[in-house]
Novice: 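Submitted below is the structure of interest, expressed as structure tokens.
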Amino acid sequence: MAPATLFVNGKIFLSGVSPGTNAGLHRPPTFAECMLIRGSQIEHVGLSSDAAIEAARAAGPDEVTVCDLQGKTILPGFIDGHMHLMLLGQALNKLDLGRCKNLEDIRNTIREYAAANPHLPRILCRGWMHIMTPDGAKASDLDDLDPTGQNRPILIDSKDLHSTWANTAGIEELGAREWTDVPAGIIHRDEQGNLLGVFSEAANLTYVWPYIARVASVEERIEAIKAAVKAYHETGYTGIIDMAMDEGSWEALQTLLKREGSIQMRIAAYWLVKPCKTEEETMAQVERAIELAKLHNAETSPDCRIIGVKVICDGIVDACTAVLSEPYAHNGHVELPLWTENQLRPVVKRATEAGLQIALHAIGDATVKMVVDVLTKYADPEKRPRMEHIEVSRKEDVERMGKGRITASIQPVHSDPAILKAWPRLLGEHRCGRAFAYREFADVGAPLALGSDAPTAPHTPLGNIYVGTTRRSYREPELETVVNPHFALGLCEAVAAGTEGAAYSCFDEHRIGVLKAGHKADFVIVDMEWKKEKLMQAKVIETWYDGAKVYAAQE
């Protein structure tokens with residue numbers, strides 16, 4: 001018989017609702033007293049007086065190890081409902097500019113890093129926000145920052161990953177002077193047509209991302225994946241939903257799995273479909289996703305599978321590329337979507353026909369409306385279509401999300417007040433009042449799946465839940481700003497959305513996301529007080545995957 005462990009003297013979280021159902025703002029959780037696991041599965045969850053628990057106690061230490069939780073809480077292993085595995089692993093080794101306030105900070109930080117790392121072939125950075133460079137970002141701003149005299153390429157990811165900013169050496173290494181415009185892409189130029197060094201939206205996806213993948217060897221990509229998994233174990237994750245899977249990431253992931261058998265992380269992936277010049281080129285990407293899903297699915301490889309296609313339908317508010325129903329307040333511009341309904345229709349219809357799920361990125365309210373239109377018309381609600389981000393929305397479209405059972409894939413860390421300081425100027429106060437309307441999504445019955453969008457934001461799930469429930473800042477806890485508190489989630493509701501909700505969103509609720517008999521023994525032990533205001537003090541003590549401890553905090 002497989003070894004067993006009995007967890008006693010703690011709180012075992014039960015949401016009290018079925019997966020796909022939101023717990024509501026005020027519903028308290030139910031806590032069991034004990035949990036018995038055997039091998040990779042949960043055998044029993046319940047009271048200390050239950051027969052199964054008494055029998056386990058009576059079995060003795062040779063058969064059952066007893067773990068005294070000392071009042072700590074067991075939560076299901078968190079499942080990140082929207083993240084980017086390879087990009088996160090690579091980002092962990094990039095210079096983080098997230099705490100910079102302006103161009104001077106950026107320049108000083110890069111100069112110091114370049115001096116301290118003379119061996120690096122290029123300076124890779126992350127965390128740049130457009131608000132840091134209100135006068136625009138230019139290659140020349142970065143050209144004198146290598147004190148070693150090597151004039152190395154500098155490539156900076158924007159926080160949202162929708163843009164890359166390069167110095168002149170970076171432009172040359174990328175070969176950007178030979179690039180031609182691509183649908184829904186922006187190659188930023190000055191009035192004379194000279195490259196400024198910033199590449200956004202589809203230009204970033206089509207040119208920069210593949211280049212970064214090419215210069216990274218398979219071994220480097222494998223190490224990035226391993227680093228991301230380690231970081232996720234440390235914060236309590238046992239599952240992820242990758243929202244931008246591509247050939248480079250998939251090759252590294254499959255190589256790693258063949259080598260090690262398991263990476264102790266359950267992976268469901270959406271294949272990124274980029275806009276192309278012809279429908280034939282675009283649809284070839286969908287066919288590739290269909291081909292891979294036939295080989296890697298819930299039956300053949302349940303812990304690493306292709307489940308759908310992902311399309312980025314607009315940009316982001318900070319770069320003024322999110323598509324709004326009214327012009328931007330500060331400049332009167334009206335942006336066009338990266339994909340039109342006519343372009344989306346064949347992608348959604350073909351993927352749905354093949355049994356794949358659909359995930360559509362929509363941030364601006366005009367894009368949200370278009371995506372709801374498309375999913376309502378062409379997607380199968382039984383396949384649990386989903387919309388990613390949904391940062392500015394109209395009430396009538398939210399109501400249609402609920403009626404269509406469209407999953408609201410949300411990332412509360414994007415609603416952190418610390419990163420929204422430019423929004424009133426860009427959107428106007430009236431539209432800020434409709435930002436991140438999570439309460440509405442839940443109340444109309446749209447299934448919630450909580451994610452982080454790492455590496456665009458901090459990936460810790462407890463921090464994510466803190467922002468979602470308090471609407472205050474995790475990045476800068478001292479901030480008094482509260483963003484639309486009437487749209488807050490309940491604590492039980494948010495925890496459920498980050499566990500069983502994320503599992504439900506990818507048809508995995510039958511085995512993970514909930515602590516119940518027969519499910520996988522994926523869980524996290526947390527030292528916490530069950531109050532949303534106290535989440536900043538909560539600490540992950542242990543993470544367990546398949547009944548084995550994969551992380552333990554140092555005492």
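Computed from a predicted structure; not experimentally measured. Computation of the quantities below employed the complete heavy-atom set of this structure, encompassing side-chain atoms and omitting hydrogens, waters and symmetry-equivalent molecules.
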Novice: Kindly indicate, with the supporting measurements, whether the criterion salt bridge (Lys or Arg N to Asp or Glu O under 4.0 Å) is fulfilled by Glu391 and Arg434.
Specialist: CA-CA 8 Å; Glu391 296 188 359; Arg434 290 290 310 166; over 6 Å; no
Novice: Test side-chain contact (heavy atoms from CB on, under 4.5 Å) on His519 and Gln41 and set out the steps.
Specialist: CA-CA 6 Å; His519 276 48; Gln41 288 192 312; over 6 Å; no
Novice: Evaluate the side-chain contact (heavy atoms from CB on, under 4.5 Å) criterion for residues Val348 and Val309: first the C-alpha distance (whole Å), next the side-chain angles of each, then the deciding distance (0.1 Å), finally the verdict.
Specialist: CA-CA 9 Å; Val348 173; Val309 296; over 6 Å; no
Novice: Please indicate whether Glu396 has more than 12 foreign heavy atoms, meaning atoms of other residues, nucleotides or ligands, lying under 6.0 Å from its CD.
Specialist: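 Enclosed.
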Novice: One thing to verify: whether Arg266 and Asp303 come together as a salt bridge, which I'm taking to mean a side-chain N less than 4.0 angstrom from a carboxylate O.
Specialist: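 Looking at Asp303 and Arg266, the cut-off is met.
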Novice: If you compare all heavy atoms of Val215 against all heavy atoms of Glu220, which two are closest, and at what distance to 0.1 Å?
Specialist: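 Minimum heavy-atom contact is O-OE1, 3.7 Å.
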Novice: Closest approach of Lys532 and Leu491, non-hydrogen atoms and distance?
Specialist: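 Of all heavy-atom pairs spanning Lys532 and Leu491, the closest is N-CD2, 3.7 Å.
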Novice: If you take all heavy atoms of Leu161 and Pro455, which pair is closest and at what distance?
Specialist: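 Closest pair (atom of Leu161, atom of Pro455, distance): CD1-CD, 3.9 Å.
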Novice: I would like to know whether Thr321 and Glu201 meet side chain to side chain donor-acceptor pair (under 3.5 Å); could you show each step before the answer?
Specialist: CA-CA 8 Å; Thr321 51; Glu201 306 304 344; 2.8 Å; yes
Novice: To the nearest 0.5 Å, how far apart are SG in Cys304 and CD1 in Ile240?
Specialist: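 CD1 of Ile240 is found 8.5 Å from SG of Cys304.
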Novice: With sequence neighbours left out, which residue pairs that include part of residues 331-350 fulfil the salt bridge (charged side-chain N to carboxylate O under 4.0 Å, His left out) condition?
Specialist: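 Listed once each, the pairs are Glu287-Arg350, Glu341-Lys377, Arg350-Glu353.
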Novice: Could you measure the distance from the NZ atom of Lys159 to the CD1 atom of Ile131? Nearest 0.5 Å is fine.
Specialist: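 So the gap between those two atoms works out to 11.0 Å.
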Novice: Pairs in or reaching into residues 272-285: which pass salt bridge (charged side-chain N to carboxylate O under 4.0 Å, His left out), with residues at least two apart or in two chains?
Specialist: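 Listed once each, the pairs would be none.
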Novice: Does Asp242 use its side chain to pair, donor to acceptor, with the backbone of Leu85 at less than 3.5 Å?
Specialist: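 Between the backbone of Leu85 and the side chain of Asp242 there is a qualifying donor-acceptor contact (under 3.5 Å).
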Novice: Hey, could you give me each pair passing ring pair (Phe, Tyr, Trp, His ring centres under 6.0 Å) that has a residue in residues 280-331? Not counting sequence neighbours.
Specialist: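 Every ring pair (Phe, Tyr, Trp, His ring centres under 6.0 Å) pair that includes a residue of residues 280-331, provided the two are not neighbours, is Trp250-His296.
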Novice: Search all heavy atoms of Leu450 against all heavy atoms of Leu489 and return the closest pair with its distance.
Specialist: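 Distance-wise, the nearest heavy atoms are CD1-CD1, 4.4 Å.
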Novice: Taking NZ, NE, NH1 and NH2 as the nitrogens, is one of them in Asp246 or Lys310 under 4.0 Å from a carboxylate oxygen of the other?
Specialist: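 No, no charged N to carboxylate O under 4.0 Å.
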Novice: Partners of Phe487 by ring pair (Phe, Tyr, Trp, His ring centres under 6.0 Å), sequence neighbours excluded?
Specialist: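 Testing Phe487 for ring pair (Phe, Tyr, Trp, His ring centres under 6.0 Å), a comparison that skips the adjacent residues, returns none.
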Novice: Output the distance between atom NE2 (His510) and atom NZ (Lys520), rounded to the nearest 0.5 Å.
Specialist: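 So the gap between those two atoms works out to 10.0 Å.
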Novice: Is any side-chain N of the basic residue among Arg221 and Glu223 closer than 4.0 Å to the acidic one's carboxylate O?
Specialist: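 Result for this pair is no, no salt bridge flagged.
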Novice: Counting distance only, does the side-chain N/O of Thr282 pair as donor-acceptor with the main-chain N or O of Thr278 below 3.5 Å?
Specialist: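 Flag set: sc Thr282 to bb Thr278 pair under 3.5 Å.
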Novice: Whether the Ser15 and Glu500 side chains hold a donor-acceptor pair (N or O, under 3.5 Å, no angle test) is what I'd like checked.
Specialist: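 Distance-only check passes for Ser15 and Glu500.
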Novice: Given Thr164 and Asp157, is the side-chain contact (heavy atoms from CB on, under 4.5 Å) satisfied, shown in steps?
Specialist: CA-CA 5 Å; Thr164 296; Asp157 296 333; 3.9 Å; yes
Novice: Check whether more than 12 heavy atoms from other residues, nucleotides or ligands sit under 6.0 Å from atom NZ of Lys94, and answer yes or no.
Specialist: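 Atom NZ in Lys94 is crowded, with more than 12 foreign heavy atoms closer than 6.0 Å.
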Novice: Can you tell me which residue pairs pass the salt bridge (charged side-chain N to carboxylate O under 4.0 Å, His left out) test with a partner in residues 484-498, sequence neighbours excluded?
Specialist: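 Listed by first then second residue: Arg439-Glu493.
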Novice: Is Ser262 reaching over with its side chain to a backbone N or O of Gln264, donor-acceptor style, under 3.5 angstrom?
Specialist: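 Flag set: sc Ser262 to bb Gln264 pair under 3.5 Å.
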Novice: Should the ring pair Tyr237 and Phe78 be called parallel, tilted or perpendicular, given that the plane angle runs from 0 to 90° and is split at 30 and 60?
Specialist: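 Perpendicular, since the angle between the ring planes exceeds 60°.
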Novice: Please collect all ring pair (Phe, Tyr, Trp, His ring centres under 6.0 Å) contacts where either partner lies in residues 333-360, sequence neighbours excluded, each pair once.
Specialist: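 Those involving residues 333-360 do not exist here.
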Novice: Would you say Leu324 and Leu427 make side-chain contact, with heavy atoms under 4.5 Å?
Specialist: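 Side chain of Leu324 against side chain of Leu427, heavy atoms only: contact under 4.5 Å found.
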Novice: Stepwise, does the salt bridge (Lys or Arg N to Asp or Glu O under 4.0 Å) test hold for Arg384 with Glu382?
Specialist: CA-CA 5 Å; Arg384 301 179 188 173; Glu382 296 299 317; over 6 Å; no
Novice: Determine, step by step, whether Trp128 and Ser163 satisfy the side-chain contact (heavy atoms from CB on, under 4.5 Å) criterion, reporting the C-alpha distance in whole Å, the side-chain angles of both residues, the deciding distance to 0.1 Å, and the verdict.
Specialist: CA-CA 9 Å; Trp128 158 55; Ser163 298; 4.0 Å; yes
Novice: On a heavy-atom basis, which atom in Ala457 and which in Ser452 lie closest, and how many Å separate them?
Specialist: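 Scanning both residues, the minimum pair turns out to be CB-O, 3.6 Å.
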Novice: Does the Ser505 side chain pair with the main chain of Ala449, one donor and one acceptor, at a distance under 3.5 Å?
Specialist: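 No, Ser505 side chain to Ala449 backbone: no donor-acceptor pair under 3.5 Å.
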Novice: Within this structure, what is the CG-OH distance for the pair Leu155 and Tyr211, rounded to the nearest 0.5 Å?
Specialist: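 So the gap between those two atoms works out to 7.5 Å.
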Novice: Determine whether Ser473 and Asp416 satisfy the following criterion, side chain to side chain donor-acceptor pair (under 3.5 Å), listing intermediate values before the conclusion.
Specialist: CA-CA 5 Å; Ser473 179; Asp416 191 309; 2.6 Å; yes
Novice: Do NZ/NE/NH1/NH2 and the carboxylate oxygens of Lys294 and Glu299 come within less than 4.0 Å?
Specialist: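 Here Lys294 does not pair with Glu299 in a salt bridge, since their nearest N and O are not under 4.0 Å apart.
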Novice: Does a sphere of radius 6.0 Å around NE2 in His430 hold more than 12 heavy atoms from other residues, nucleotides or ligands, not counting ones at 6.0 Å or beyond?
Specialist: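 Counting other residues, nucleotides and ligands, NE2 of His430 exceeds 12 neighbours.
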Novice: Ring pair (Phe, Tyr, Trp, His ring centres under 6.0 Å) with Phe199: which residues, sequence neighbours excluded?
Specialist: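 With neighbours one apart ignored, the set is Trp179.
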Novice: Residues two or more places apart in sequence or in another chain: which of them pass ring pair (Phe, Tyr, Trp, His ring centres under 6.0 Å) with Tyr504?
Specialist: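 For Tyr504 there are no ring pair (Phe, Tyr, Trp, His ring centres under 6.0 Å) partners, ignoring immediate neighbours.
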Novice: Is the backbone N or O of Ala203 less than 3.5 Å from a side-chain atom of Thr206, with the two atoms forming a donor-acceptor pair by type?
Specialist: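 Looks like no, no N/O pair under 3.5 Å.
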Novice: Using the test side chain to side chain donor-acceptor pair (under 3.5 Å), find all partners of Asp453 that sit at least two apart in sequence or belong to another chain.
Specialist: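 Partners of Asp453 under the side chain to side chain donor-acceptor pair (under 3.5 Å) test: His82, His84, His414, Thr456.
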Novice: Just by distance, do the side chain of Arg431 and the backbone of Glu326 share a donor-acceptor pair under 3.5 Å?
Specialist: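 Yes, Arg431 side chain to Glu326 backbone: donor-acceptor pair under 3.5 Å.
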Novice: Among residues two or more places apart or on two chains, list those pairs meeting ring pair (Phe, Tyr, Trp, His ring centres under 6.0 Å) that have a residue in residues 347-381.
Specialist: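 Pairs touching residues 347-381 that pass the test: His162-His361, His361-His389.
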Novice: Whether the side chain of Asp522 engages the backbone of Thr238 through a donor-acceptor N/O pair (distance < 3.5 Å, no angle test) should be reported.
Specialist: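 Looks like no, no N/O pair under 3.5 Å.
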Novice: State, to 0.1 Å, how close Pro19 and Val514 come at their nearest heavy-atom pair, and which atoms those are.
Specialist: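 Nearest heavy atoms, Pro19 then Val514: CG-CG2, 4.2 Å.
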Novice: For Phe13, what residues pass the ring pair (Phe, Tyr, Trp, His ring centres under 6.0 Å) criterion, not counting sequence neighbours?
Specialist: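 For Phe13, the residues satisfying ring pair (Phe, Tyr, Trp, His ring centres under 6.0 Å) (neighbours in sequence not counted) are Trp530.
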Novice: On the ring face of Tyr466, is Arg472 found with NZ or CZ under 6.0 Å from the centre and within 45° of the axis?
Specialist: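 No.
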Novice: When rounded to the nearest 0.5 angstrom, what is the spacing between CG in Asn204 and OG in Ser158?
Specialist: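 Here the interatomic distance stands at 7.0 Å.
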Novice: Which pairs with one or both residues in residues 253-276 pass ring pair (Phe, Tyr, Trp, His ring centres under 6.0 Å), sequence neighbours excluded?
Specialist: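 Non-adjacent pairs meeting ring pair (Phe, Tyr, Trp, His ring centres under 6.0 Å): zero.
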